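Structure record follows, encoded as structure tokens.
Index from 1, following the sequence. Owing to the predicted nature of the structure, the values given are computational and were not obtained by experimental measurement.
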Amino acid sequence: MDVEFSLIERIRRRALKTDAVLLGIGDDAALLRGTGDQAVVVCTDTLVAGVHFPPETAPADIGWKALAVNLSDLAAMGARPTACTLALTLPEADAAWIEAFLDGFCALAGAHGVALIGGDTTRGPLCITVTALGTVAAQQALRRDGAQHGDVICVTGTLGDAAAAVRHWQAGEPTDAALRQRLDRPEPRVAAGQALRGVAKACIDISDGLLADLGHVLAASGVGAELTLPALPSSSALRERVHERERWPLQLAGGDDYELCFCVPAVQLESARAQLAALGVACTAIGQIIEGCGIVCRDHEGREYSVTRTGYRHFSESVPQ
Ligand code: ADP
Ligand code: MG
């Protein structure tokens, strides 16, 4: 198992669970007992300079992304966002930086009606942690553990743009503006997540790469998957710049797409597609859930295609287990 997840598993084993917790560690967000049939949905995500964004990223983009990655986790639960807190660790007290950061943060918060209700401010290497809160009817929450043999695997939007932008940045090459926009200003699929309630059997947002994140759904559901790589949806910007076979590793193992990957019974596929189309969100079937475990990827000829690296890793394998 990946080192990050073996650490999380250690934490999960020792975590106190109470009657208030409907769903604890292990999904995109936790569910707490709310009033009536409603659950309070809670998630938290950290951005570290140089790890989650290039150090020269504009502060407004950092502000946007810090909230976006959290709203994406709420979207993956089918939740309606309500509020958030903001913990900022800053190398220096720079009012102009904060104002610019807030331009991005508040623009996205305003677009989704998310109140900023608290936080913390400390000095240190640049690091931003947002905790986001939302609501969903507990029975309708989109979890990772509901995928079933025969379900169709779908994704919203397109995959691979942000990973291509990261690759250009790492190689010191100029980045296409459309690709860089996907890295800097991800659009959390909040409305799409809510539209999939009662339709999708399982859902996750793609933050670490399709294989890694779909892998979490498969592990939680006790099933396997077969993916048809030529079906992976690509933006025109990516298609213009990267040949199909070089796109696949970006789309499968690159992170930062913040699209939703979800599973629907075949009979519900058209309904899911129509619901998302009404929101202007593309929905592409990319494979199916099979019995067993793991993911088999197939190319145009149906040949198996293997990818060595399956997702972003925060820790090298040398960290003690
Ligand atoms: P995501 O990519 O959706 O944000 P992660 O892969 O970061 O999810 O985390 C997987 C699960 O582990 C989530 O339920 C998350 O809340 C939980 N988790 C991660 N780190 C910790 C931690 N330090 N303490 C408790 N729970 C954690
Ligand atoms: Mg997630």
- Task: Verify the neighbour count for atom CD of Q139: are there more than 12 heavy atoms of other residues, nucleotides or ligands below 6.0 Å?
- Result: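 No, the 6.0 Å shell around CD holds no more than 12 heavy atoms from other groups.
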- Message: If you count heavy atoms of other groups shown closer than 6.0 angstrom to CD of E291, is the number above 12?
- Response: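 Counting neighbours around CD of E291, 12 or fewer heavy atoms of other residues, nucleotides or ligands fall under 6.0 Å, so no.
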Restricting to non-hydrogen atoms, name the atom on [X] and the atom on [Y] that form the minimum distance, rounded to 0.1 Å.
X    : Y    : result
V223 : I290 : CB-O, 3.6 Å
C261 : L214 : SG-CD1, 4.0 Å
R144 : S221 : O-OG, 2.9 Å

[X] [atom1] to [Y] [atom2] distance, which is reported to the nearest 0.5 Å:
X    : Y    : atom1 : atom2 : answer
I289 : I153 : CD1   : CD1   : 3.5 Å
L260 : I204 : CG    : CD1   : 10.0 Å
E240 : S235 : CD    : OG    : 8.5 Å
F101 : C106 : CZ    : SG    : 9.0 Å
D161 : L179 : CG    : CG    : 5.0 Å

- Task: Name all pairs fulfilling the ring-ring contact (aromatic ring centres under 6.0 Å, His included) condition that reach into residues 6-49, sequence neighbours left out, sorted by first residue then second.
- Result: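 Passing the test, one end in residues 6-49: no pairs.
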- ring-ring contact (aromatic ring centres under 6.0 Å, His included) partners for W248, two or more places apart: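 Expected list: Y305.
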- List the steps and the verdict of side chain to side chain contact (heavy atoms under 4.5 Å, CB included) for D28 and H216. CA-CA 10 Å; D28 290 293; H216 297 317; over 6 Å; no
- Task: Establish, from distance only, whether the side-chain atoms of T158 and R182 form a donor-acceptor pair under 3.5 Å.
- Result: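 The criterion, which ignores hydrogens and geometry beyond distance, is satisfied for R182 and T158.
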- Query: Does the pair K65/D184 count as a salt bridge with the N-to-O cut at 4.0 Å?
  - Reply: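 The answer is no: the pair does not qualify as a salt bridge.
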